[in-house]
Amino acid sequence: MKILKFGGSSVGDAQRINKVINILLNDYINKKEKFAVVFSAFQGVTDKLIETAHLAVQRKLSYKDELDFLRTKHEDINHQLNNPNSQITDEKINELFDELAGILHGVFLVKELSPRILDFVVSFGEKLSCNIITAALKNRNVDCEYLDASKLIKTDDNFGNARVDFQKTNRNILNYFKKHKSLQVITGFISSADKNEITTLGRGGSDYTASIFGAALNAELIEIWTDVNGILTADPRKVKNAFTLNSVTYEEAMELSHFGAKVIYPPTMLPALQKKIKIVIRNTFNPSFKGTYILEKETSKNFMVKGISSIDDISLIRVQGGGMIGVSGIAARLFNVLARLGINIILITQASSEHSICFAISPKEGNIAKKSIEEEFRLEILDGKIGEVKLEENLSIIAVVGEKMRHTPGVAGTVFNALGTNKINIVAIAQGSSELNISLVINKNELSKALNILHKALLKK
Ligand code: ASP
Ligand code: MG
């Protein structure tokens, strides 16, 4: 059994959906492959649903225009796919949009949009796409069924980014597949909490859906079909010699996708990793390309460093002072302040002299973080135990990722040498003890140069 997943860009319009259906027919159905297939909402629909809900809560009547736009878009795609049975699908589309209109009218009236309601609103994207695609497949004589995954994937009630209860979910999926033998067309992204309230698995969560089903059903392979050839060594817009990797490990994939290579949603790796199920990234627009495999151990010819990615815009905050040396609790207080503000820390370094702690955050949170830290340490600053809290802006982080760097001396040397000889100044460095990732902070205006230099030094084909 294989689990396939096609993302929003693969189902952007009727023509693309037909392309997907042809892939399914030629490479899977005609070859009698056993599989199930997960779809995202049509391209742009989730964003549009969020936007519409926000207009409604702000009491802007234009939310109705957005809703009409979405209704027409789905009807058009449905008609272009030309189902003789589109009568039924039209009715279903209408039913879903009437329900959605009712909810949004409620949001408009009570001026309230809780995360719970927003999840319910966005769930319509996947319900619509999968209903329409199921009809289109039936129209091509495929024996298939629509499967609303929110009925099977059970989560907590952390709306917008719910945590999966695997015990219940796996049981539900196994039971369901025992009784349903035809091809299942599965809604990505959506799930439900205890009392059946709709939850979602986080933006981009359809990948995760595929992996949840794959793990529950002990699939031999999870195929994530998207609009690029696979995982690249770097962002091709920044590094002209970037190339597609044949394979990476689960950990490398996770590390690279955390650092901006948005090919796969990071949580997707966990269920697959636990059951050791391979994942492959494939390109819907280049289906003959073999893609990138994500697996436990590498067998192919491989590189010490697998990828170089970056976060283009970050700020650094440095807290330093003689009064910090040997004093416990400073770091705890510092990070507490940030946690209270909900600020995500991207990188931390502390020299062993303990004289300074420095960390990277998103630039838009720089000022508030600086101000709140100054308040927290007001007395220490007055006493001179802590000097000023410094905010440095216009910086970037480069992450050099590769599992084989572990226990291999010399990689860091190559990195620093390459940058040094090209006169690129390193502002801060961090390496996790997993040694999977070396992160460097540099000036933003040197980012592109630095990426190309490092790619050349570390990833010679
Ligand atoms: N439609 C959802 C989103 O746009 C889930 C997905 O595309 O994977 O985030
Ligand atoms: Mg998407």
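Hydrogens, waters and symmetry mates play no part in the numbers below; they use all other heavy atoms, side chains included. Order of appearance sets the numbers: ligands from 1, and atoms from 1 within every ligand.
Side chains of Lys154 and Ser192: a donor on one and an acceptor on the other come within 3.5 Å. Donor-acceptor pairing under 3.5 Å is recorded for the side chains of Thr199 and Ser191. Side-chain polar atoms of Ser439 and Asn437 form a donor-acceptor pair below 3.5 angstrom. Side chains of Tyr250 and Glu403: a donor-acceptor N/O pair is absent below 3.5 angstrom, by distance only. Side-chain contact check for Asn229 and Asn286: at least one donor-acceptor pair (N or O, by modelled atom type) lies under 3.5 Å.
Considering both main-chain and side-chain atoms, Thr46 comes within under 3.5 Å of ligand 1 through a nitrogen or oxygen pair. The N/O atoms of Ser206, backbone and side chain alike, include one that comes under 3.5 Å of an N/O atom in ligand 1.
Short contacts between ligand 1 and Ser40, defined as distances under 4.0 Å to a heavy atom of the residue, involve ligand atoms 6 (C), 7 (O), 8 (O).
The shell of residues lying under 4.0 angstrom from ligand 1, judged by heavy atoms, excludes Gly125. Under a 4.0 angstrom heavy-atom cut-off, Gly204 registers as being in contact with ligand 1.
Considering each of Arg203, Gln43, Glu126, the one bringing a non-hydrogen atom nearest atom 4 (O) of ligand 1 is Arg203.
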